[in-house]
Amino acid sequence: MPVSGPVTRSTLRQQIADALRDEVLAGRLQPGREFTVKQIADQYGVSATPVREALVDLSAQGLLDSDQHRGFRVHRFTVDDYRAMVEARSLVVDGVLRRHMEGGAGWGRVPDEVLVSVRRRAEAAARAARAGDLDVLIGYDVRFWRELSGFVANRCIADFLHRLHIQAWVFAVPYLRGDRRSRDRLWCGYEELAEAVAAGPARRVAAVLDAYYAHSLSWADHLEQLPVPRGAPEHPA
């Protein structure tokens with residue numbers, strides 16, 4: 001695993017966790033794929049301790065399942081799991097926006113330099129979504145939403161939203177890579193949302209987000225009509 005600068009156990013632990021998360025998001029580690037601490041340690045040429053810690057971290061984030069006899073496996077999310085993620089995100093963000101509209105401190109002023117970065121990521125993510133380029137889209141999308149959640153003056157809420165967003169991508173990747181037509185339904189409203197955030201009124205932001213969540217639930221309905229991709233769980237009856 002290439003690294004630069006001094007490496008501590010904690011940074012190595014994070015690097016391994018990030019690398020494995022990227023493998024899942026790239027579709028190279030499919031849902032249900034099993035592996036052991038030793039296999040990952042050998043793959044990256046590191047000791048078992050930071051690998052075990054990284055795998056425990058990913059398990060805590062809901063991305064891996066742990067079995068003391070078989071090791072770890074990539075978690076299988078269902079369409080209903082995905083719907084629950086969308087609902088949870090919408091309820092939390094709605095609460096933040098309501099607090100702001102009522103004069104609370106949930107949505108601070110966005111610095112100009114941050115807006116420049118958000119707009120840049122929004123443009124890149126929108127282009128990738130329209131082109132159906134998953135490899136580019138996922139990276140920009142995750143950073144875009146991570147920056148937006150950073151505007152919330154509560155680190156616990158921001159981390160919770162980020163974790164749900166990563167789980168949603170882990171669910172979606174097998175479908176998107178298995179059925180090219182599903183990419184035509186990718187959400188492309190990044191720039192609209194960035195401009196709403198820049199404009200300031202929470203009601204405008206809420207309207208764009210409502211459309212985003214409605215799109216996500218419609219996409220879930222679409223997925224239920226598709227054959228179950230390799231590595232994904234059967235649709236519940």
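Just so you know, these numbers come straight off a predicted model, no measurement behind them.
If you chain together hydrophobic residues whose side chains sit under 4.5 Å apart, V208 and V197 fall into the same group. V24 and V56 are assigned to two separate hydrophobic clusters, defined by single-linkage of ILVMFWY side chains at heavy-atom distances under 4.5 Å. In this structure, V136 is not a member of the same hydrophobic cluster as V173, with clusters built from ILVMFWY side-chain heavy atoms closer than 4.5 Å. By the rule that hydrophobic residues join a cluster once side-chain heavy atoms approach within less than 4.5 Å of another member, F160 and V170 end up as members of one cluster. Hydrophobic clustering places I157 together with L148 (ILVMFWY residues linked when any side-chain heavy atoms are closer than 4.5 Å, directly or through intermediates).
Taking both residues in full, the closest heavy atoms of L186 and G132 are given as CD1-CA, 4.2 Å, listed atom of the first, atom of the second, then distance. Contact detail for A199 and R204: the closest heavy-atom pair is CB-NH1, 3.2 Å. Listed here is the closest heavy atom pair of A41 and V51: CA-CG2, 3.8 Å. When all heavy atoms of I166 and L25 are compared, the closest pair comes out as O-CD2, 4.3 Å. The shortest non-hydrogen separation linking F171 to F77 is CD1-O, 3.4 Å. G62 and H75 make their closest contact through O-CB, 3.6 Å (heavy atoms, listed as atom of the first residue, atom of the second, distance).
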TODO: Go through the steps for F35 and L55 under the test side-chain contact (heavy atoms from CB on, under 4.5 Å), then give the verdict.
DONE: CA-CA 10 Å; F35 46 82; L55 295 178; 3.7 Å; yes
Open item on the list: Please determine whether side-chain contact (heavy atoms from CB on, under 4.5 Å) holds for the pair Q167 and R163, giving the CA-CA distance in whole Å, both sets of side-chain angles, and the decisive distance to 0.1 Å.
Closed with: CA-CA 6 Å; Q167 289 178 357; R163 184 166 65 251; 3.9 Å; yes
Task: R83/D221 under salt bridge (Lys or Arg N to Asp or Glu O under 4.0 Å): CA gap, chis, key distance, verdict - done: CA-CA 9 Å; R83 287 197 179 97; D221 294 339; 2.8 Å; yes
Task: side-chain contact (heavy atoms from CB on, under 4.5 Å) assessment of S117 paired with R121 - done: CA-CA 6 Å; S117 176; R121 297 193 196 285; 3.7 Å; yes
- [ ] Kindly determine whether F72 and L58 satisfy side-chain contact (heavy atoms from CB on, under 4.5 Å), including the steps that lead there.
- [x] CA-CA 10 Å; F72 295 82; L58 293 176; over 6 Å; no
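Atom OG of S216 sits about 4.5 Å away from atom OH of Y212, to the nearest 0.5 Å. Here the straight-line distance linking atom CG of L20 with atom CD of Q15 works out to 12.0 Å at 0.5 Å rounding. For the atom pair CZ (R177) and CZ (R183), the distance works out to 6.5 Å, reported to the nearest 0.5 Å. Expressed to the nearest 0.5 Å, how far OG1 of T36 lies from CZ of R73 amounts to 14.0 Å. Once rounded to the nearest 0.5 Å, the distance linking CG of L164 with CD of E87 reads 11.5 Å. Atom-to-atom distance recorded for L115:CG and E147:CD is 10.0 Å, nearest 0.5 angstrom.
A donor-acceptor contact closer than 3.5 angstrom links the side chains of D18 and Q14. Defined by atom type and a distance below 3.5 Å, a donor-acceptor pair is present between the side-chain atoms of D81 and T78.
Considering only heavy atoms from C-beta on, L63 stays 4.5 Å or farther from V74 through its side chain. With a 4.5 Å cut-off on side-chain heavy atoms, L217 and Y82 do not count as touching. Between W219 and W187 the shortest side-chain heavy-atom distance does not fall below 4.5 Å.
A salt bridge links E195 with R119: the distance from a Lys NZ or Arg NE/NH1/NH2 to an Asp or Glu carboxylate oxygen falls below 4.0 Å. Taking a cutoff of 4.0 Å between a charged side-chain nitrogen and a carboxylate oxygen, D94 and R89 do not qualify as a salt bridge. Between D159 and R155 a salt bridge is recorded (basic side-chain N to carboxylate O distance below 4.0 Å). Taking a cutoff of 4.0 Å between a charged side-chain nitrogen and a carboxylate oxygen, D141 and R146 do not qualify as a salt bridge.
Under a cut-off of 6.0 angstrom, the local environment of CD in E191 is crowded, with over 12 non-hydrogen atoms contributed by other residues, nucleotides or ligands. Counting non-hydrogen atoms of neighbouring residues, nucleotides and ligands closer than 6.0 angstrom, the CZ atom of R130 exceeds 12 such neighbours.
Legend: residues meeting side chain to side chain donor-acceptor pair (under 3.5 Å) with R52, ordered by chain and number and at least two apart, are absent.
Within the structure, the ring-ring contact (aromatic ring centres under 6.0 Å, His included) test picks out the following pairs touching residues 121-144 (sequence neighbours left out): F144-Y190.
Ring planes of H165 and W169: perpendicular class, angle over 60° (limits at 30 and 60°).
The backbone N or O of V86 lies less than 3.5 Å from a partner atom in the side chain of S90, making a donor-acceptor pair.
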